[in-house]
2 protein chains.
Amino acid sequence: MTVRLKDIASYLNISVSTVSRVINNRDRVDEDTRRRVLEALDKFQYRPNEVARSLKSKSTKAIGLIVPGISNYFFSMVIKGVEAVARQQGYCLMLCNSDEDKEREGDYTDFLLQRQISGLVIGIVGREAGFLERYKHAGIPVVFIDNLPDVEDNVDYVVIDNVKASRELTNHLIRVGHSKLGIITGPLDESVSDERLKGWQKALAENNIPVNKKWIGTGEFKQESGYRIMQGMLKQEELPTAILAANNLLAYGAMHAIMEAGLKIPEDIAVVCFDAIDFIGLIKPQITSVIQPAEQIGTIAGEIIMRKIQNTKTKVVEKITLEPVLEIKESCGIRLVKSGGAGS
Amino acid sequence: MTVRLKDIASYLNISVSTVSRVINNRDRVDEDTRRRVLEALDKFQYRPNEVARSLKSKSTKAIGLIVPGISNYFFSMVIKGVEAVARQQGYCLMLCNSDEDKEREGDYTDFLLQRQISGLVIGIVGREAGFLERYKHAGIPVVFIDNLPDVEDNVDYVVIDNVKASRELTNHLIRVGHSKLGIITGPLDESVSDERLKGWQKALAENNIPVNKKWIGTGEFKQESGYRIMQGMLKQEELPTAILAANNLLAYGAMHAIMEAGLKIPEDIAVVCFDAIDFIGLIKPQITSVIQPAEQIGTIAGEIIMRKIQNTKTKVVEKITLEPVLEIKESCGIRLVKSGGAGS
DNA sequence: GTGAAAGCGCTAACAT
DNA sequence: ATGTTAGCGCTTTCAC
């Protein structure tokens with residue numbers, strides 16, 4: 001059995017409240033008593049039971065984090081960011097993996113609510129966030145990351161400007177000479193996918209490039225999806241010369257299909273995407289992509305949730321849109337361009 | 001304010017115990033009352049407060065997981081495995097990142113203990129596990145992964161046979177013709193590093209290849225470490241023709257240094273390592289490495305911790321050693337061998 | 001400065 | 001079959 005407040009108190013023949021006082025540095029306590037208590041605390045290696053504290057204080061100091069895919073490096077970094085903030089503030093992180101499954105996500109939001117978490121950071125699947133109402137009712141703040149719910153009005157979030165990022169990425173392709181453009185994106189009921197498609201369309205429109213619907217593919221944000229979609233696209237008579245993949249996994253799958261078909265990247269088909277992190281440039285061809293500041297997204301989301309928890313009354317809504325970074329490498333085919341033409 | 005058991009009870013003019021009974025399906029409850037209670041529960045959207053339950057039952061149904069590096073893909077997969085088991089059993093996962101920092105690890109073990117977690121899965125830094133005694137005393141089971149503490153006798157763990165894995169990897173290098181062998185490993189006060197070094201030494205000894213101490217480098221399990229160590233090694237007059245890196249990050253760093261020096265992999269120096277996962281073989285040269293079944297390590301560790309929690313009295317110690325898989329690719333230089341010679 | 005006691009929301013004897 | 005009550009370990013009024 002582990003030692004409780006009561007044990008310390010009876011050992012010293014004083015009341016639990018006094019012991020509690022010195023532990024929490026509350027009120028005045030006689031210097032001598034304080035000393036004796038501290039000694040006893042140390043002697044018995046006393047550690048307050050956080051569950052009891054939570055019940056009493058009605059605060060678990062736990063923050064929930066639900067991501068759609070743990071194995072995606074992007075989310076690993078987000079997790080890292082949130083975790084760092086939590087630790088720093090004495091909060092713990094309850095990590096959940098919805099695995100792109102709406103139902104599992106629902107189970108988790110219920111589960112965490114019941115566990116009385118102090119705040120939730122979530123990258124939702126789809127566009128619905130039915131749990132929001134219950135969280136609001138329970139007074140638990142929620143911060144969205146990566147993908148936004150349809151009710152964007154009163155929610156806090158940390159995202160990047162996907163329309164802009166996608167548009168820039170596409171414009172880059174156009175600048176290096178591509179005009180037969182295709183895109184592979186995720187589920188269209190998600191804001192990320194939708195916005196990335198919009199940005200792409202915008203760039204095409206601005207450059208008077210017609211949209212070929214046959215070159216628009218949608219699936220899940222998974223490698224297999226990218227592979228299958230690209231395989232299908234490759235069966236067409238006319239092929240695009242450049243593909244924008246809405247995330248790294250889709251790009252990997254698409255590249256796999258392209259190479260398997262005996263085509264070269266970027267010579268035959270260029271491929272660019274989001275978040276193709278490459279530790280040392282070992283990947284060939286090096287992938288041109290838009291990099292989201294993943295860890296920073298996590299940190300900022302963590303900081304927002306902390307502010308919301310500390311000041312639960314606030315009506316301030318924090319909507320953060322970060323700038324992604326366009327990293328121009330090889331897979332876009334820039335080296336194939338004779339000269340100039342790619343000025344920023 | 002959220003609705004409590006008491007609210008439901010007074011709404012129905014019955015006692016809390018009856019309500020509690022139907023919630024937990026305990027004892028006999030009149031069919032009619034049960035129905036009325038269920039209706040009220042539904043009407044008020046009642047959800048039991050898990051903190052109160054935890055305090056009462058003295059079980060938080062939370063499992064702690066401390067990893068030394070969230071951003072390492074190996075640990076991402078371990079996390080995924082543990083998380084899956086936890087979810088399935090209604091447990092939550094408290095994830096912590098020690099970031100290879102012994103002190104932070106200590107803070108976390110204390111922190112989680114205080115939070116009354118039901119079990120701990122940990123990949124420790126170094127070889128000491130001072131917290132073990134306190135956990136044992138508190139009756140909280142611990143399962144080690146990846147790296148083992150010096151007190152191996154009574155602890156449960158899930159690892160791979162690092163000596164064997166490293167030996168096989170080295171033997172493979174020797175088979176394809178290398179005899180000037182170097183190694184870059186992690187901190188020698190960790191069993192992983194130590195065992196990987198031992199396996200390497202063993203292979204050399206078996207093949208009567210002398211150990212050149214100048215070709216043994218040790219550092220942290222980080223890319224930068226691999227980079228600096230390799231840079232140093234490259235300044236020597238005589239260079240090894242093959243390097244074994246004890247993890248993927250060390251390998252990436254080493255490869256970076258090698259290429260930066262204008263040398264080719266594997267022509268000038270071959271590099272092999274542990275856990276160089278490659279989604280679609282885009283990395284050039286493709287890295288020959290020993291792959292640990294990361295997700296499985298997580299699942300098994302999760303299952304063990306569950307068994308220990310369920311049956312806290314058991315004296316059965318579970319020591320699991322999994323088989324890693326040797327994946328032969330290009331970076332070992334196998335293609336440079338004229339013919340045969342590489343039979344398994 | 002210190003102690004007694006109520007209570008956080010729940011479960012489980014123990015009564016009835 | 002249902003209600004009463006005593007805690008789980010802690011914090012915090014409210015007396016003294």
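Small disclaimer: the values here were computed from a predicted structure and weren't measured. Just so we're on the same page: letters track the sequence lines, and every chain starts at 1.
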To the nearest Å, give me how far apart [atom1] ([X]) and [atom2] ([N]) are.
X: A/K61; N: D/dT11; atom1: NZ; atom2: P; value: 12 Å
X: A/E31; N: C/dG1; atom1: CD; atom2: P; value: 10 Å
X: B/R36; N: D/dA1; atom1: CZ; atom2: P; value: 16 Å
X: A/D7; N: D/dG9; atom1: CG; atom2: P; value: 9 Å
X: B/Q114; N: D/dG9; atom1: CD; atom2: P; value: 15 Å
X: B/K6; N: D/dG3; atom1: NZ; atom2: C1'; value: 16 Å
X: B/L55; N: D/dG7; atom1: CG; atom2: C1'; value: 9 Å
X: B/N13; N: D/dG3; atom1: CG; atom2: P; value: 9 Å

Classify the nucleic acid contact of [X] as base, sugar-phosphate or nothing, counting any heavy atom under 4.0 Å across all strands shown.
X: A/D27; result: nothing
X: B/R26; result: sugar-phosphate
X: A/R28; result: base

So, is [X] close to the [N] phosphate, meaning a side-chain N or O under 4.0 Å from OP1 or OP2?
X: B/R4; N: C/dG9; result: yes
X: A/R53; N: D/dG9; result: no
X: B/Y46; N: C/dC10; result: yes
X: A/K58; N: C/dG7; result: no

What about [X], does its side chain sit under 3.5 Å from the base of [N] through a donor-acceptor pair?
X: B/S17; N: D/dG3; value: yes
X: A/R34; N: C/dG1; value: no
X: A/T33; N: C/dT2; value: no

From C-beta outward on [X], which listed nucleotide comes closest to its side chain: [options]?
X: B/R21; options: D/dG9, D/dG3, C/dG9; value: D/dG3
X: B/P48; options: D/dT11, D/dT2, C/dC10; value: C/dC10
X: A/K56; options: D/dG9, C/dC10, C/dT2; value: D/dG9
X: A/S20; options: D/dT2, C/dT11, D/dT12; value: D/dT12
X: A/L5; options: D/dC10, D/dT4, C/dG3; value: D/dC10
X: A/S15; options: C/dG3, D/dC10, D/dT2; value: C/dG3
X: A/V16; options: D/dC10, D/dT11, C/dG9; value: D/dT11
X: A/T18; options: C/dG3, D/dT11, C/dC8; value: C/dG3

Checklist entry - If every non-hydrogen atom of B/R53 is compared with every non-hydrogen atom of B/N24, which pair is closest and at what distance? => result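 Closest approach of B/R53 to B/N24, heavy atoms only: NH2-OD1, 3.2 Å.
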
Checklist entry - Can you name the nearest heavy-atom pair linking B/V125 to B/N147, along with the distance? => result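 Between these two residues, the closest heavy atoms are C-ND2, 4.3 Å.
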
Item to check | Exercise: do A/S57 and A/S59 side chains pair donor with acceptor under 3.5 Å | outcome: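 Checked: A/S57/A/S59 side chains show no N/O donor-acceptor pair below 3.5 Å.
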
Checklist entry - Are A/S76 and B/S76 close enough that a side-chain donor and a side-chain acceptor fall under 3.5 Å? => result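 Distance-only check passes for A/S76 and B/S76.
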
Item to check | A/E128 atom CD, over 12 foreign heavy atoms within 6.0 Å | outcome: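 No, because the 6.0 Å sphere around CD of A/E128 holds 12 heavy atoms or fewer from other groups.
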
Item to check | Heavy atoms of other groups near A/Q89 CD, more than 12 under 6.0 Å | outcome: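 Counting neighbours around CD of A/Q89, more than 12 heavy atoms of other residues, nucleotides or ligands fall under 6.0 Å, so yes.
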
Checklist entry - side chain to side chain contact (heavy atoms under 4.5 Å, CB included) with B/V158: which of B/T299, B/I297, B/D146, B/T321? => result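 The side chain to side chain contact (heavy atoms under 4.5 Å, CB included) with B/V158 is passed solely by B/I297 among B/T299, B/I297, B/D146, B/T321.
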
Next on the checklist: Judged by each residue's nearest nucleotide on DNA chain D, which is more toward the 5′ side, A/N49 or B/V29?
Outcome noted: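 The residue closer to the strand's 5' end, by nearest nucleotide, is B/V29.
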
